[in-house]
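All ligand and atom numbering here is 1-based and tracks the order in the structure.
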Amino acid sequence: MKNTVIVGAQWGDEGKGKITDYLAENADIVARYGGGSNAGHTVVIGNNTFKLHLIPSGILHSGKICILGGGMVIDLELLLQEMDNLEKKGVSTGNLRISSNAHLILPYHRVIDKIQEERRGSAKIGTTGQGIGPAYVDKVARSGIRVIDVFDEEVFDKKLRFNFEDKNLLIKDSGLILEKIKSSVIKYAERIKPLVCDTSLLIKEAMDKGAKVIMEGAQGTLLDLDFGTYPFVTSSNSTAGGACTGLGIPPQKIEEVMGITKAYTTRVGTGPFPTELSDSTGEKIRQVGAEYGTTTGRQRRCGWLDLVIIKYSVRINGITGFALMKLDVLTGIEKLNLCTSYEYNGSQINYHAARIGFCHSERSEESQPEILRDAQDDCGAFDRKIKEFPQSLRILEECTPRYEEMDGWQENISEVKSFSLLLPAARKYITAIEDFTKVPVKIISVGPERNQTIVR
Ligand code: IMP
Ligand code: MG
C-alpha cells in the first residue's frame with residue numbers, strides 16, 4: 001500500500017467511494033480533503049447500501065482513522081445525522097477525526113446558495129443546494145467560521161454577528177434567527193468536541209510511524225475551481241493538489257494518484273459536455289447504470305467516454321493508475337465510441353481563439369533553451385483538430401467530438417474475476433484507454449459489490 005490520492009478524472013460520481021472502501025482495507029487512515037455534503041458516495045456491502053456525504057467511506061472498515069480535512073466545509077447538523085445513521089447500522093464512528101480548521105456551513109449559506117441560483121436564471125450552475133459556494137466564499141473573504149471557533153463562545157458570537165449583518169440584505173426574509181443558529185451550533189459542537197483535532201499533525205505523526213494514508217477526493221477534475229469547466233464547477237480544488245492544501249500533507253508524501261473514471265461519462269448540473277448522448281443509448285446507460293444523483297436525486301447526463309478529458313486529468317493530477325468503473329453498464333451496446341479528439345466548428349477561428357483554445361503559443365523572438373521551444377510546439381497546432389482540452393468554455397461548447405468506433409460485447413461480465421477472463425472486446429476497450437493515456441488501468445469494476453472488482 002502506498003500513500004494514495006483518489007481523484008475523480010471526470011465530472012464526479014466516478015465511483016471514488018467504492019474504490020476508497022476497497023483500498024481502505026490496507027490503509028491506516030482515510031482522509032477527505034475537500035468539498036462538503038455536495039458529495040455523495042454510495043457503497044454496497046452485502047444487503048446494506050451506505051450513502052455517505054461527509055464521512056470518508058473508510059469508516060466502513062473498523063480500526064481505520066477517518067478524517068474530515070481542513071479543506072472541507074462541514075454542516076455539523078448533517079454530520080451528526082450521518083454519524084447517527086451509521087451507528088444505527090452498527091458502524092462505529094469513534095475513529096472519526098475532524099480538522100479544527102475546516103470551515104462550517106451554516107443555515108444562511110444554504111439560503112444564499114438558493115437565492116443566487118434563482119438569480120442566475122438560465123445561466124444557473126445547477127448546484128447541489130448545500131451551501132458549498134457561499135461557505136467557500138466566506139473562507140476566501142476571510143470571514144468564514146472554522147470548527148475551532150465554535151469552542152470559544154466570544155469568538156463564535158463575534159464572527160456569527162459579523163456574517164449575519166454582512167449578509168442581511170440577502171437573508172433578511174429567510175426567517176433565520178442568529179440566537180437560534182448560535183445555540184444549536186454550540187449544542188452540535190459539544191458532541192463533536194472529542195473528535196476535533198489538528199488533523200495535519202495527526203497524519204504527520206502517523207506517517208512517521210509508517211501509517212499509510214488514502215486521500216479521498218470529492219467531485220472530479222472538471223468540477224475543480226481552477227481546472228474545471230468554470231464557472232460550472234464546485235468551489236474547491238477537487239484535483240490532486242487539493243490533497244496537499246486540504247490536509248496539510250507535503251506533495252512528496254504522495255506516492256500514488258489513482259484516477260477514477262467510469263467506462264463512459266456523466267455529468268450533473270449545467271455546462272458543456274461534448275460527448276453527451278441525448279438518444280436512446282444515453283437513456284440506456286442512465287437506466288442500467290442507475291445514473292441519478294446521490295445527493296439531489298437529479299438525473300445525470302450520460303455520454304461516451306471522452307479521452308481528451310481523461311488525458312487532461314492525467315496531466316493535471318499526475319495520475320499513476322486508473323480504476324475503470326461500471327464497465328458492466330456498457331454490456332449489450334453493439335458499437336462503442338471513444339472520443340480521442342475534438343473538431344472545432346466555431347466561427348471565431350482567428351489567431352486569438354487559436355491561442356487560447358488550442359494552446360498555440362507564439363514563438364518568442366528571444367532566444368530560448370531547446371526544451372522550452374519544444375514544449376511550446378507540442379502544446380497545440382494551429383488547425384481545427386483539438387487534441388488537448390481547451391481552456392475556453394466558448395470553444396469547448398463549439399467542439400464536436402471525433403470518435404474511434406469499437407466493438408461492444410454482449411455477454412454478462414459482472415461475475416468476471418480476472419482481466420484475462422474478460423471478453424476480448426472488453427479487453428480491447430481497456431487497452432485502447434491505456435494506449436491513449438499511457439497510464440495503466442489497475443482496477444476494473446464490473447458491479448457495485450466489493451467482490452465485483454478486478455485488480456491487475
Ligand atoms: P456545488 O458543489 O453544490 O456548488 O455544485 C456545483 C456543481 O458541481 C454542480 O454542477 C453540481 O452538480 C456539481 N457537483 C457538486 N458535487 C458533486 C458531486 O459529488 N458529484 C457530481 N457533481 C457534483
Ligand atoms: Mg457522487
Give yes or no for whether the N/O distance cutoff of 3.5 Å, strictly under, is met between Val268 and ligand 1. yes
Consider only side-chain N and O atoms of Lys2 and Thr320, and report whether a donor and an acceptor are under 3.5 Å apart. no
Below 4.0 angstrom from a heavy atom of Ile125, which ligand 1 atoms are there? Numbered from 1 as shown, please. 6 (C), 10 (O)
To atom 9 (C) of ligand 1, the nearest of Gly36, Ala135, Gly126 on a heavy-atom basis is Gly126
For ligand 1, find out whether one of its N or O atoms is nearer than 3.5 Å to an N or O atom of Gln130. no
Could you pull out, from Lys124, Arg300, Gln219, Arg298, the option with a heavy atom nearest to atom 16 (N) of ligand 1? Gln219
Taking the non-hydrogen atoms of Ala218, is any one of them nearer than 4.0 angstrom to ligand 1? no
Please identify each residue that fulfils ring pair (Phe, Tyr, Trp, His ring centres under 6.0 Å) with Tyr312, with sequence neighbours left out. Phe389
I'd like to know whether OH of Tyr292 has more than 12 heavy-atom contacts from other residues, nucleotides or ligands below 6.0 angstrom. yes
Do any N/O atoms on Thr128 end up under 3.5 angstrom from N/O atoms on ligand 1? yes
Euclidean distance, Leu54 CG relative to Met72 CE, rounded to 0.5 Å: 5.0 Å
Measure the acute angle between the ring planes of Trp409 and Tyr429, then classify it against the limits of 30° and 60° as parallel, tilted or perpendicular. perpendicular
Contact between ligand 1 and Val233 is defined here as a heavy atom of the residue under 4.0 Å from a ligand atom; is it met? yes
Salt bridge present between Arg267 and Asp306 (N-O < 4.0 angstrom): no
Residue from Thr296, Asn38, Thr234, Asp113 passing side chain to side chain donor-acceptor pair (under 3.5 Å) with Thr127: Asp113
For atom 2 (O) of ligand 1, the protein heavy atom that lies nearest, with its residue and separation: Thr234 OG1, 2.6 Å
How does Leu223 reach ligand 1, if at all, at less than 4.0 Å between non-hydrogen atoms: by side chain, backbone, both, or neither? side chain
Considering only the protein, which heavy-atom contact is closest to atom 20 (N) of ligand 1, and what is its distance? Asp13 OD1, 3.1 Å
For ligand 1, which is the ligand I care about here, please tell me if Thr127 has any N or O atom under 3.5 Å from one of the ligand's N or O atoms. no
Less than 3.5 Å between some nitrogen or oxygen of Thr270 and one of ligand 1, yes or no? no
Tell me, please: is Arg267 in heavy-atom contact with ligand 1, that is, under 4.0 Å? no
Identify which one of Lys262, Arg298, Arg301 satisfies the salt bridge (Lys or Arg N to Asp or Glu O under 4.0 Å) criterion when paired with Glu291. Lys262
Can a non-hydrogen atom of Ala39 be found less than 4.0 Å from any atom of ligand 1? yes
Evaluate whether atom NZ of Lys114 has more than 12 neighbouring non-hydrogen atoms of other residues, nucleotides or ligands under 6.0 angstrom away. no
Does only the side chain of Trp11 get under 4.0 Å from ligand 1, or the backbone, or both, or neither? Count heavy atoms. backbone
Within less than 2.8 Å of the Mg ion (ligand 2), any N, O or S from Ala218? no
Taking the Mg ion (ligand 2) as the reference point, name the nearest N/O/S atom of Asp13. OD1
So, Asp75 versus Ser37: side-chain donor-acceptor pair below 3.5 Å or not? no
Carboxylate-amine/guanidinium contact Glu117 Arg120, below 4.0 Å: yes
